[in-house]
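Encoded as structure tokens, the structure appears first; notes follow it.
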Number of protein chains: 4
Amino acid sequence: MAGIGTASGPRAAAIFDAARELLAERGHDGLTIEAVARAAGVNKTTIYRWWPSKPALVRATVLHARALDISVPDTGSLRGDLVALVEQVTGLLTGPHAEPVVRALAGASGQPELAELTRELFAGGFAREQPVFERARARGELPATDPQLLVDLVAGAVRVRVLLRRQPLPDRFAADVVDAVLHSARYPGEGE
Amino acid sequence: MAGIGTASGPRAAAIFDAARELLAERGHDGLTIEAVARAAGVNKTTIYRWWPSKPALVRATVLHARALDISVPDTGSLRGDLVALVEQVTGLLTGPHAEPVVRALAGASGQPELAELTRELFAGGFAREQPVFERARARGELPATDPQLLVDLVAGAVRVRVLLRRQPLPDRFAADVVDAVLHSARYPGEGE
Amino acid sequence: MAGIGTASGPRAAAIFDAARELLAERGHDGLTIEAVARAAGVNKTTIYRWWPSKPALVRATVLHARALDISVPDTGSLRGDLVALVEQVTGLLTGPHAEPVVRALAGASGQPELAELTRELFAGGFAREQPVFERARARGELPATDPQLLVDLVAGAVRVRVLLRRQPLPDRFAADVVDAVLHSARYPGEGE
Amino acid sequence: MAGIGTASGPRAAAIFDAARELLAERGHDGLTIEAVARAAGVNKTTIYRWWPSKPALVRATVLHARALDISVPDTGSLRGDLVALVEQVTGLLTGPHAEPVVRALAGASGQPELAELTRELFAGGFAREQPVFERARARGELPATDPQLLVDLVAGAVRVRVLLRRQPLPDRFAADVVDAVLHSARYPGEGE
DNA sequence: TAGTAACCGAGACGGTACGTCACGTCTTATC
DNA sequence: GATAAGACGTGACGTACCGTCTCGGTTACTA
């Protein structure tokens with residue numbers, strides 16, 4: 001997106017690569033500037049020339065890696081779209097790249113730079129999913145629940161499962177989660 | 001609970017207090033052993049005698065502070081119980097104490113000690129809520145959804161809202177979330 | 001003098017000014033190439049184009065500023081000439097410009113360039129004072145002491161007083177020093 | 001002397017040795033804290049624990065090494081004592097140890113710590129030589145010249161010769177200098 | 001008048017040293 | 001037996017200069 005706001009020198013690519021890899025392999029605490037410099041074959045001062053602090057580098061790296069990008073699906077049904085969405089979230093958080101990033105963002109306590117980035121990436125997020133619900137409304141299958149809340153419910157379940165429960169996700173988790181929100185909230189006996 | 005797993009000397013109280021406060025005020029990164037020692041009026045070596053590392057101290061502190069404890073409500077209805085539960089989660093994450101703790105736990109990447117603690121606190125969590133659902137079943141109001149998943153949905157929405165969206169929670173958020181899962185998944189026209 | 005040995009571009013004046021000022025105000029250690037560039041409103045590379053190193057720049061600056069120049073007096077007597085000479089040395093070392101220069105030169109340990117410059121400025125120095133002694137010889141007032149040594153004695157006393165004792169010079173110091181060397185070495189009772 | 005004011009840890013000896021050697025071999029600019037640490041087989045932080053800055057370390061090193069110490073001679077005559085004194089100064093400045101120290105002290109421009117040390121070592125110096133002149137007075141051979149000034153003259157000549165002229169000292173320099181101040185100021189024809 | 005050389009600014013870089021902070025370990029008192 | 005006190009090696013922080021390089025743009029002379 002416009003506004004990455006990263007002036008970046010010629011060596012930027014190598015630095016981003018190194019930073020991304022370190023973040024993935026050793027987590028946010030293992031991402032030291034000096035380690036990035038070593039891994040990128042670059043001098044420490046070169047990094048500081050471009051990013052004034054570790055949060056700034058992390059921010060730029062995350063934005064550059066687009067590690068959290070999601071493509072909005074169009075499957076023809078609300079349920080299908082939601083399942084596809086949740087599967088993407090699941091896939092990201094299960095794969096090796098995005099999880100450390102999300103942990104770093106969720107865990108950032110005293111770094112305004114990362115807090116702001118987190119907000120940008122997650123709070124504005126609903127704009128992305130909006131088309132799904134517009135198509136659903138056009139098809140007349142929109143549930144009464146506020147769409148934003150609906151996304152929070154399904155995505156939240158996945159994220160909490162990974163970030164806090166730290167438990168493996170069952171194969172059908174995405175579908176289960178979506179169905180739970182769309183259908184199964186009906187009480188037994190209401191018919192199915 | 002049993003299994004804090006830490007012998008604790010006489011100075012433990014002061015150390016826990018200092019650690020809890022630092023964690024709350026300065027976040028996980030501001031919680032340095034030396035800062036805790038200073039704040040507790042205790043020598044650094046004393047801390048290392050009891051807790052071999054920073055994660056160990058954090059773990060003990062979190063367990064000792066019971067910062068994440070929740071009391072299981074009994075309001076007479078499933079909806080009431082769930083709303084009460086979510087309100088407690090909301091209250092915790094909104095207050096000044098629990099949020100940094102949860103961030104620290106969610107953000108822990110390379111510390112097995114904290115990962116394990118996180119699992120203990122969140123994965124085993126459903127045992128706590130089980131009575132709510134047993135009472136609901138007794139009353140015949142149990143929805144088809146897997147109770148565990150149901151809790152993940154509502155709690156996940158709250159936690160993601162705080163940890164990742166970093167947005168304020170509306171007043172009626174708890175009720176909205178619960179209602180979304182219990183009722184509003186019905187399609188419009190099904191009646192309410 | 002011929003032999004500044006430095007081609008000098010148009011910006012040389014500004015650079016010399018800045019260097020001289022920095023040397024005077026912040027001493028030899030405060031004279032960084034980058035500071036000179038900033039103060040002279042000139043790019044760092046421009047300085048490096050003309051002077052390959054800091055000692056080279058210092059050397060050129062000192063030569064250009066003529067900070068240590070002395071005019072040979074002719075007062076009609078050896079004593080008068082010597083007093084005038086010493087007063088000039090005193091004046092220089094008391095003023096703000098020359099002292100840091102002399103300190104830089106005296107303190108230069110590992111820079112052959114500055115060592116050489118020091119030799120040029122101080123070792124060849126006697127050539128300057130020679131006329132004083134030739135006139136004195138013509139007047140028949142030349143003492144037995146080697147003139148060069150005589151100059152070293154009086155100038156040395158002043159310089160040591162400033163550089164090493166770091167004490168203020170009394171008003172009549174120049175005259176006292178000269179008289180000490182010319183007269184007072186006689187033992188008391190020898191008459192005057 | 002009392003008042004070195006140097007709290008010093010167990011590793012102090014190795015550090016002083018390394019610092020002294022580096023100062024002697026590479027001059028004041030070659031004396032970096034990290035180089036001292038390397039040479040002393042000690043960690044950088046250990047040095048900073050004890051001496052807050054480079055000047056402080058230099059100061060302590062110089063005081064500890066007693067590189068400038070002089071023993072007051074008693075040869076039975078003022079001339080003999082003075083010659084012995086000057087020979088000591090000469091010997092020091094000619095040897096490998098003291099010269100870089102004196103250069104460092106003379107060259108110190110912006111370091112109050114070293115300026116103060118210089119004053120301590122050189123300004124208070126006359127107290128050391130005083131016995132020489134008291135004995136001379138007792139023997140009735142005290143010249144009219146202020147003793148302090150006399151010392152400044154002879155020592156100044158030597159020091160300037162080394163520090164600024166940077167020329168080798170002739171063998172008989174000490175005697176010549178002393179004689180110049182004691183005797184040869186007489187005009188030719190006065191006899192010898 | 002066109003071209004070329006001298007000069008300069010700008011930007012980027014690897015590198016060394018600075019002085020600081022926290023880590024985790026160890027030894028030696030002291031209560 | 002628990003603690004304080006002190007010292008240490010280690011790694012990383014973020015900063016300042018160093019000296020080098022490349023590139024592109026002006027002047028200003030000169031052919």
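Residue numbers start from 1 in every chain, and the chains themselves are labelled A, B, ... in the order their sequence lines are given, proteins ahead of strands.
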Subject >> For D:Asp29, salt bridge (charged side-chain N to carboxylate O under 4.0 Å, His left out) partners two or more places apart >> reply: none
**OP:** Scan A:Arg11 against the nucleic acid and name what it touches under 4.0 Å (heavy atoms): base, sugar-phosphate only, or nothing.
**Re:** sugar-phosphate
Original post:
Can you tell if the side chain of A:Trp51 reaches within under 4.5 Å of the side chain of A:Ile33, non-hydrogen atoms only?
Top reply: no
Original post:
Between F:dT3, E:dC13, F:dC8, which one does the side chain of A:Arg49 approach most closely?
Top reply: E:dC13
N/O to N/O distances under 3.5 Å, protein versus nucleotides 11-16 of chain F:
{"from": "F:dC13", "atom 1": "OP1", "to": "A:Ile33", "atom 2": "N", "distance (Å)": "2.9"}
{"from": "F:dC13", "atom 1": "OP2", "to": "A:Ile33", "atom 2": "N", "distance (Å)": "3.2"}
{"from": "F:dC13", "atom 1": "OP2", "to": "A:Glu34", "atom 2": "N", "distance (Å)": "3.0"}
{"from": "F:dG14", "atom 1": "OP2", "to": "A:Tyr48", "atom 2": "OH", "distance (Å)": "2.6"}
{"from": "F:dG14", "atom 1": "N7", "to": "A:Lys44", "atom 2": "NZ", "distance (Å)": "3.4"}
{"from": "F:dG14", "atom 1": "O6", "to": "A:Lys44", "atom 2": "NZ", "distance (Å)": "2.7"}

**OP:** Send over the distance from D:Ile47 CD1 to E:dA17 C1', rounded to a whole Å.
**Re:** 13 Å
Subject >> For atom CG of B:Leu57 and atom P of E:dG24, their distance in whole Å >> reply: 10 Å
Original post:
Can you tell me if C:Arg119 uses its side chain to pair, donor with acceptor, with the backbone of D:Arg166 under 3.5 Å?
Top reply: yes
Original post:
Between A:Trp50 and E:dC13, is there a side-chain N or O to OP1/OP2 distance below 4.0 Å?
Top reply: yes
**OP:** List the atom of A:Val36, the atom of A:Leu22, and the distance in Å for their closest heavy-atom pair.
**Re:** N-CD1, 3.5 Å
Subject >> Smallest separation among heavy atoms of A:Ala35 and A:Gly30, with atom names >> reply: CB-O, 4.3 Å
Original post:
Once you round it to whole Å, what is the distance between P of F:dA7 and CH2 of D:Trp51?
Top reply: 11 Å
Distance-only donor-acceptor pairs under 3.5 Å for side chains of residues 101-114 of chain D, two or more places apart:
{"from": "D:Arg103", "atom 1": "NE", "to": "D:Glu99", "atom 2": "OE2", "distance (Å)": "2.8"}
{"from": "D:Arg103", "atom 1": "NH1", "to": "C:Ala106", "atom 2": "O", "distance (Å)": "2.7"}
{"from": "D:Arg103", "atom 1": "NH1", "to": "D:Leu163", "atom 2": "O", "distance (Å)": "3.1"}
{"from": "D:Arg103", "atom 1": "NH2", "to": "D:Glu99", "atom 2": "OE2", "distance (Å)": "3.0"}
{"from": "D:Arg103", "atom 1": "NH2", "to": "D:Val162", "atom 2": "O", "distance (Å)": "3.2"}

Original post:
B:His28 has an atom NE2; how far is it from atom P of E:dA22, in whole Å?
Top reply: 15 Å
